[in-house]
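Encoded as structure tokens, the structure appears first; notes follow it.
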Amino acid sequence: MPEDDRIPLVDLAAAHAEVADEVREGWARVVDSTGFLKGPEVDAFEREFARFCGVRACVGAGNGTDALELALRALDLPAGGGVVCPANTFVATVEAVVRAGLRPVLVDVDDECLLMDPEAVRAALEEDPGVAAVLPVHLNGQLAPMGPLLELAQAHGLPVVEDAAQAQGARQEGRAAGSWGRAAATSFYPGKNLGAYGDAGAVLTGDEAVERAVRMMGDHGSRQKYVHERFGFNSRLDALQAVVLRAKLRRLPAWNAARRAAAARYDALLRGAEGIRPPSTLPGNEHVWHLYAVRVERRDEVLTALHAAGIGAGVHYPVPVHRQPAFAGPSTARGRYPVTERAAGELLTLPLFPQITEAQQLRVAEALGKAVMI
Ligand SMILES: *Cc1c(COP(=O)(O)O)cnc(C)c1O
């Protein structure tokens, strides 16, 4: 297979080509100024991204996992308090909870959209009086059902923190990901819809006290040099990343629209295909298709066949959090999260990025159709 015929899972080079000039100019400005941390590029990006999400404040962080930890720490929850998280998520969601000195309380997801299931949350809240917060994950580019989740959290007097790492620009009932909870965290990992050229993340919040706490904690607990008001650590967005993120943010609405068009093309190509279950969108959601994941039987064989055909399909995620050795424990016993476990064996992520062509998608669909028939 010649290199050019391969279809990657994501094509970061194609995205870079669109912003290359702006990034070069911006980076030259930063290097000339030697203002590598903080400064005008970071301030401007924080303002622009907050406006984009319809939230009062955005505070940059070193990465998405730190951002989630900072958001949780800023709420000053009781040590060891439970945080309800979906079992079907990237491991970072749960890492941040543990690092913040809190206790993950995993719940299963719904079988249709694989998002946090409000009924499972209700059961967890009734069962566990030590729950201190609810942490929905906007998986694959669409929001978890925020209406029912906020209602449940409010009824128990609990704050909601959103993991919006996979949903930059996604909306539900017209309201953006990151604008629903007391705070939200997002990641600008290079492969995310809004990706930096290295690690970066941010906290979004409408709450001034949370903003102040996050800003301080991510900068050694300090507002004024050498005065450390509270315990903190070092997790800051740097100016070189802010340049990239500003250039890409300007394209994000168009890129998300291109992702939506590509997802619709896959939907049409796969409609009625035997043995392939396409992804579902929750009513009311404007999806931004961070990942387009179908479900198939004998997934690993299908994946091997696609790779042999030069198609960079992936799996998100092959082993759920509760089955990872790092998180083994009584609450993570096999069989407790049947939807998540079953999906982990069936999920298959197809190549999708704003610049993917119809011809590429046709090839993916044909190869997939063949692979599931073997
Ligand atoms: C990417 C991601 C994170 C963590 O982001 P990093 O920037 O890699 O630390 C957290 N949660 C979810 C759901 C993610 O996809």
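Atoms within a ligand are numbered from 1 in the order they appear, just like the ligands themselves.
Contact between Lys192 and ligand 1 is present, with at least one heavy atom of the residue lying under 4.0 Å from the ligand.
Screening Arg175, Glu173, Glu162 for a side chain to side chain contact (heavy atoms under 4.5 Å, CB included) with Met146, the sole residue that qualifies is Glu162.
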Tabulate below the donor-acceptor pairs under 3.5 Å that side-chain atoms of residues 343-354 make, not counting sequence neighbours, or state none.
unit_1	atom_1	unit_2	atom_2	d
Glu346	OE2	Arg342	NE	3.1
Glu346	OE2	Arg342	NH2	3.1
Thr349	OG1	His316	ND1	2.8

Side-chain donor-acceptor distances from residues 67-78 under 3.5 Å, at least two apart:
unit_1	atom_1	unit_2	atom_2	d
Glu69	OE1	Arg99	NE	2.5
Glu69	OE1	Arg99	NH2	2.3
Glu69	OE2	Arg73	NE	2.8
Glu69	OE2	Arg73	NH2	3.3
Arg73	NH2	Arg99	O	2.8
Asp76	OD1	Arg230	NH2	3.3

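Between Arg122 and Glu119, at least one side-chain nitrogen of the basic residue sits less than 4.0 Å from a carboxylate oxygen of the acidic one, meeting the salt-bridge criterion.
Relative ring orientation between Trp289 and His287 is described as parallel, the plane-to-plane angle staying below 30° on a 0-90° scale split at 30° and 60°.
Rounding to the nearest 0.5 angstrom, the gap separating the OG atom in Ser179 from the CZ atom in Arg56 is 14.0 Å.
When each atom of ligand 1 is checked for a heavy atom of Thr93 under 4.0 Å away, the hits are 11 (N). With ligand atoms numbered from 1 in the order given, ligand 1 contributes 3 (C), 4 (C), 10 (C) to contacts under 4.0 Å with heavy atoms of Ala92.
Nearest protein neighbour of atom 15 (O) of ligand 1, counting heavy atoms only, is Gln166 NE2, 2.8 Å. Among protein heavy atoms, the minimum distance from atom 9 (O) of ligand 1 is reached at Thr65 OG1, 2.5 Å.
Looking at Asp163 against ligand 1, only its side chain comes within 4.0 Å, counting heavy atoms.
Inclusion of Ser187 in the set of residues having an N or O under 3.5 Å from an N or O of ligand 1 is warranted. Polar contact check, Asp199 against ligand 1: no nitrogen or oxygen pair lies under 3.5 Å apart. At under 3.5 Å, not a single nitrogen or oxygen of Leu68, backbone or side chain, sits near a nitrogen or oxygen of ligand 1.
The shortest distance between side-chain heavy atoms of Asn234 and His220 falls below 4.5 Å.
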